[in-house]
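For reference, the structure discussed in these notes is given below.
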Amino acid sequence: MASTIDFVEYVCDCIAGCGHIRYRKMFGEYLVYVDDKPIFLVCDNQVFVKDFPLLKSVLVNVSMASPYPGAKMHYLLDADDRDMLRLVVVTILPIVPVKISKR
């Protein structure tokens with residue numbers, strides 16, 4: 001099941017104020033960017049974040065899952081926990097590189 005645009009916009013509303021937020025549809029799912037940096041992957045109306053070593057101490061009790069078949073394990077975040085979503089953004093924003101287009 002693909003993610004709904006309403007869910008993606010809800011996630012973006014949850015992290016409002018963390019920077020310039022946008023999303024992009026990719027292969028039927030979505031990637032959420034903050035300040036042009038890819039932060040969250042939204043698949044099947046669930047929010048995933050890459051397994052950055054910096055997050056190990058922040059997301060101690062958060063389970064891991066694969067966002068799609070063949071993908072590496074990601075942290076599966078609770079979309080209703082605004083504080084956690086914002087904490088993840090401010091924690092990894094300084095270390096995530098800006099995606100440079102190859103065009």
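Predicted model only: the values in this text are computed from it and were never measured.
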If Ile, Leu, Val, Met, Phe, Trp and Tyr residues are connected whenever their side-chain heavy atoms lie under 4.5 Å apart, and connections chain through other members, are Ile95 and Val89 in the same group?
-> yes

Ignoring hydrogens and geometry, is there a side-chain-to-backbone donor-acceptor pair from Arg22 to Asp36 under 3.5 Å?
-> no

Validation row: Val34, Phe40 side chains within 4.5 angstrom (heavy atoms) = no

Do Asp51 side-chain atoms and His74 backbone N/O form a donor-acceptor pair below 3.5 Å?
-> no

Measure the CD-CG distance between Glu29 and Leu41 for me, rounded to the nearest 0.5 Å.
-> 7.5 Å

Atom NZ of Lys50 with >12 non-hydrogen neighbours under 6.0 angstrom | no

Contact check, side chains of Val98 and Tyr33, non-hydrogen atoms, under 4.5 Å | no

Would you say Ile21 and Ile39 make side-chain contact, with heavy atoms under 4.5 Å?
-> no

Would you find a donor on one side and an acceptor on the other, under 3.5 Å apart, between the side chain of Arg86 and the backbone of Ala16?
-> yes

Could you grab the distance from atom CG of Asp13 to atom CG of Leu85, nearest 0.5 Å is fine?
-> 11.5 Å

To the nearest 0.5 angstrom, please state how far the SG atom of Cys12 sits from the OH atom of Tyr30.
-> 10.5 Å

Return the minimal non-hydrogen interatomic distance between Ala2 and Gly28, and the atom names on each side.
-> CB-O, 3.5 Å

Check whether any side-chain heavy atom of Tyr75 lies under 4.5 Å from a side-chain heavy atom of Val88, and answer yes or no.
-> no

Taking the side chain from Gln46 and the backbone from Pro67, do they hold a donor-acceptor pair closer than 3.5 Å?
-> no

Distance in Å, Ile92 CD1 paired with Leu54 CG, rounded so as to fall on 0.5 Å steps = 8.5 Å

Find out if a path of hydrophobic residues (ILVMFWY) with successive side-chain heavy-atom gaps under 4.5 Å connects Leu87 to Val47.
-> yes

Looking only at heavy atoms, what is the nearest atom pair of Tyr10 and Ala79, with distance?
-> CE2-O, 3.5 Å

Measure across Cys18 and Leu93 and return the closest heavy-atom pair with its distance rounded to 0.1 Å.
-> O-CD2, 4.0 Å

Check for a donor-acceptor pair, side chain of Ser66 on one end and backbone N or O of Ala71 on the other, with a separation under 3.5 Å.
-> yes

Applying the 4.5 Å side-chain criterion to the ILVMFWY set and letting contacts propagate, would Ile5 and Val11 be lumped into a single cluster?
-> yes

So does Lys56 have more than 12 non-hydrogen atoms from other groups sitting under 6.0 Å from NZ?
-> yes

Apply the test side chain to side chain contact (heavy atoms under 4.5 Å, CB included) to residues Ile15 and Val32: give CA-CA distance (whole Å), side-chain angles for both, the deciding distance (0.1 Å), then the verdict.
-> CA-CA 10 Å; Ile15 59 172; Val32 176; 4.1 Å; yes

Tell me whether Phe48 is reachable from Met73 by hopping between hydrophobic residues (I, L, V, M, F, W, Y) whose side-chain heavy atoms are closer than 4.5 Å.
-> no

Quick one: CG on Asp80 to SG on Cys14, what's the gap to the nearest 0.5 Å?
-> 7.0 Å

Taking a hydrophobic cluster as the set of Ile, Leu, Val, Met, Phe, Trp and Tyr residues connected by side-chain heavy atoms closer than 4.5 Å, whether directly or through intermediates, do Leu31 and Val49 fall within one such cluster?
-> no

Side chain to side chain, Leu59 and Met84, heavy atoms closer than 4.5 Å | yes

Check: Leu55 and Val62 side chains under 4.5 Å, non-hydrogen atoms | no

